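The structure appears below as structure tokens.
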Amino acid sequence: MRIATWNVNGVRARLDFVLHWLRERQPDVVGLQELKVTDEQFPRAEIEAAGYQVVTHGQKSWNGVAVLAREPLTVVQEGLPGQEDFGARLITADVGGLEFTTIYCPNGKSIGHDDFPRKLAWIDALAEHAAAAAADGRAAVLCGDFNVCPAAIDSWNEAGFAGAIFHTDEERTRFQALLDRGYIDVFRAQHPDLQAFSWWDYRGGAFHRKHGLRIDFLLATASVAARVRSVEIDREYRKKKDELVASDHAPVIADLD
DNA sequence: ATGTCGGAATTATTCCGA
């Protein structure tokens, strides 16, 4: 089984790119973030024609998350309880007994901004919410754009960004607390010493200059993590393809036994 | 160059968020 997460930065703007990727990579279950559409605006027919069932939790203009699967899926949860005011940022689907959640963590903007403490509270709420699946020993995936750079190796410029957004102790402590609830960062587990990024700013030629961050993760409970055979960041799909503009994020893909 | 995108508001230009 192949699972993946991808912040597409606008599913309407990215539709041809996403369809190309689905055809090429053939994932079985996918979490998408930053749809930037209402549920009604989601290009459901095109995704279904590509062989996927889809559940969405969207809103106008910003945020929005979806789960795609080649087998039937049912919605378990829409929205992070208590955090709905921060936008449509979480959806959980049951896919053949796998509890698959995808999230789009608030950016936080900067450490002096009002959104920063709200971001920290959001991560706390996510950890609290996600704890049950791990504690109960369920097969669960928690994936998406976490907007946190967990460790120095995950940043192109740890020294320069010390104490800055995505790199603060407050964010890292909370992300670690989430992992401590029973989730494994499967990319890091497979590649303990590999520096690899999942996001590059559109500005300043960041991708070409290797100025990236690893902020998109596939987290898994123990029973799922034990099935991971390989996990990679799909950098090819951060590149322009057939004149199609890429998202600023690359997909993260894992193959499970 | 804080240099690019996507989307909205408003009608090709400016803003906002990331």
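Keep in mind that this is a model prediction, so the values were computed, not measured. Residue numbering restarts at 1 for every chain, and letters A, B, ... go by the order of the sequence lines.
- For the residue pair A/T74 and A/D94, no side-chain donor N or O sits within less than 3.5 Å of a side-chain acceptor on the partner.
- Just one residue in the list A/N107, A/I123, A/I165 forms a side-chain contact (heavy atoms from CB on, under 4.5 Å) with A/N147, and that residue is A/N107.
- Between the C1' atom of B/dG17 and the CG atom of A/D145 lies a distance of 13 Å, rounded to the nearest Å.
- The separation of B/dG3 from B/dA8, taken at their C1' atoms, amounts to 23 Å, rounded to a whole angstrom.
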Which parts of nucleotides 1-9 of chain B does protein reach within less than 4.0 Å, heavy atoms only, written one letter per nucleotide 5' to 3' as B for base, S for sugar-phosphate only and - for none? --BBSBSSS

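- One can place NE2 of A/H249 at 17 Å from P of B/dG17, the figure rounded to the nearest angstrom.
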Report the C-alpha separation of A/F175 and A/F217 in whole Å, then their side-chain angles, then the decisive distance to 0.1 Å, and conclude whether the ring pair (Phe, Tyr, Trp, His ring centres under 6.0 Å) test is met. CA-CA 11 Å; A/F175 182 75; A/F217 311 116; 5.0 Å; yes

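- B/dT2 and B/dC16 have their C1' atoms separated by 14 Å, given to the nearest Å.
- Among the protein residues, A/F207 comes within range of no part of the nucleic acid, since none of its heavy atoms lies under 4.0 Å from any strand.
- One can place CD1 of A/I165 at 13 Å from C1' of B/dG17, the figure rounded to the nearest angstrom.
- Classification of the A/Y237-A/W21 ring pair by plane angle, with boundaries at 30° and 60°, yields perpendicular.
- One C1' atom belongs to B/dG7, the other to B/dA12, and the distance between them is 15 Å to the nearest Å.
- Taking atom CG of residue A/D115 and atom C1' of nucleotide B/dG17, one finds them 10 Å apart after rounding to whole Å.
- Considering A/R25, A/K239, A/K241 in turn, A/R25 is the only one that fulfils the salt bridge (charged side-chain N to carboxylate O under 4.0 Å, His left out) rule with A/D234.
- Look at the C1' atom in both B/dC15 and B/dT10: the space between them is 11 Å, to the nearest Å.
- Judged purely by distance below 3.5 Å, without hydrogens or angles, the side chains of A/T101 and A/Q77 never pair a donor atom with an acceptor atom.
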